[in-house]
Structures are given as structure tokens and as C-alpha cells.
Amino acid sequence: MPIITVGPLEDLPTNRCVEIGDGWAVVIRLGDTAYAYRNECLHQASPLSGGLVKDGIVTCPLHFWRYQVETGTKCGSPELGLEQYPIRIEDGIVSVDLPTPPPIGSWREMMLEHAAGWNRPDEG
């Protein structure tokens, strides 16, 4: 796992997600701590970066799905949750342990993988 140094906790905004690791993850500050999640909303895999944070809830900027910052669970659906990454705060500096990203495939491979998981209603 590569370790990404984000910077001083006090420099992180408290009202929005911050993209890190070439867009792979987001960091969210909540009071005197921070949380890191994969930069992917559970709804249509849209990015969470730039999502607004208020009262311990982060809201996806695209379709407004909401998640508890402390746990990553979807509001109203506790069985659904964001992929969380380990975070460290040492001497006020925030670091995140990110997984090694998967290799980037061709556009064709990505589309075939997406299509394989897509369920379309029977036409009939």
C-alpha cells in the first residue's frame, strides 16, 4: 500500500471532501480527525470529490447520496458503505494508506467489464 501524505490536518477544509492519490481517494476532516474513502459514490460510481460535508454527513455532489463520515455507511441503508482506507495523524500531519490501484485497462476492456455486470430487464 502506498502511503500518501496529505498535509496538516488544520489545512483540510471541514465542509467538503478533498481528492488525493491522483483521484483514487478522498479525505474528509471531521473535527480533530480525518477519514479516507475511495473516491466513488455507491450510486453509479460517480466521484465523491467536492462533496459537501455538514453535521457529520457527506453528500455526493452528483446525485446527492449521503454517507456518515465516521463510518462511511449510507444514510438510511446501513448495509451499504464506502470503501474506507487507514489514516494516520502524527504531529498534526495526515497520511493515508491507499491500496495499489488496479492496472488501467483499455477502454474496450472497461466497457466489457461494465456490460458483464449490467442487468437489463427482459424484453418481451
Side-chain angles (χ1 to χ4, degrees):
M1 285 188 150
I3 297 174
I4 303 294
T5 300
V6 178
L9 177 67
E10 65 186 26
D11 289 352
L12 289 174
T14 57
N15 63 345
R16 64 181 170 81
C17 297
V18 175
E19 185 178 272
I20 63 165
D22 292 332
W24 184 253
V26 292
V27 172
I28 305 168
R29 178 179 171 191
L30 191 60
D32 293 334
T33 194
Y35 301 87
Y37 296 99
R38 183 174 180 168
N39 186 15
E40 187 175 279
C41 178
L42 299 176
H43 179 241
Q44 297 185 350
S46 57
L48 285 173
S49 58
L52 298 180
V53 178
K54 184 176 180 183
D55 298 327
I57 305 290
V58 61
T59 303
C60 176
L62 197 58
H63 298 111
F64 310 110
W65 278 39
R66 299 166 10 116
Y67 303 91
Q68 297 284 335
V69 171
E70 291 179 332
T71 62
T73 57
K74 183 180 178 303
C75 295
S77 299
E79 68 280 359
L80 298 176
L82 300 171
E83 183 179 344
Q84 189 170 15
Y85 302 129
I87 199 160
R88 289 183 257 166
I89 303 173
E90 295 175 356
D91 298 324
I93 304 298
V94 177
S95 298
V96 180
D97 293 333
L98 293 180
T100 302
I104 297 174
S106 69
W107 181 251
R108 180 181 182 276
E109 290 168 335
M110 289 188 291
M111 293 303 292
L112 286 171
E113 182 179 332
H114 178 73
W118 184 47
N119 291 323
R120 184 165 62 161
D122 291 333
E123 297 177 21

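Along the sequence shown, the residues carry numbers beginning at 1.
The salt bridge (Lys or Arg N to Asp or Glu O under 4.0 Å) search around Arg66 returns none, not counting sequence neighbours. For Glu19, the side chain to side chain contact (heavy atoms under 4.5 Å, CB included) criterion is met by Asn39, Ser49, not counting sequence neighbours. Residues passing the side chain to side chain contact (heavy atoms under 4.5 Å, CB included) test with Gln68 are Ile57, Thr71, Thr73, Cys75, sequence neighbours excluded.
Rounding to the nearest 0.5 angstrom, the gap separating the CG atom in Asp32 from the CD1 atom in Ile89 is 8.5 Å. Taken from SG in Cys41 to NE2 in His63, the straight-line distance is 8.5 Å, to the nearest 0.5 Å.
When all heavy atoms are compared, the tightest approach of Ala34 to Val94 is CB-CG1, 4.5 Å. Taking all atoms of both residues into account, the shortest heavy-atom contact from Cys60 to Ser46 is SG-OG, 3.5 Å. Closest of all the heavy-atom pairs between Tyr85 and Asp97 is CB-O, 3.5 Å.
Looking at heavy atoms from C-beta onward, Arg88 lies in side-chain contact with Ile3 at the 4.5 angstrom threshold.
The hydrophobic side chain of Leu52 is isolated, with no ILVMFWY side chain under 4.5 Å apart from it. Chaining together hydrophobic side chains whose heavy atoms lie under 4.5 Å apart places Leu80 alongside Val26, Ile28, Leu30, Tyr35, Tyr37, Leu42, Leu48, Val53, Val58, Trp65, Tyr67, Val69, Leu82.
Sequence neighbours left out, the pairs with a member in residues 39-51 that pass salt bridge (Lys or Arg N to Asp or Glu O under 4.0 Å) are Arg38-Glu40.
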For a quick test of your reading: what N or O donor-acceptor pairs under 3.5 Å do the side chains of residues 4-18 make, sequence neighbours left out?
none

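Within 6.0 Å of the CD atom in Gln84, the count of heavy atoms belonging to other residues, nucleotides or ligands exceeds 12.
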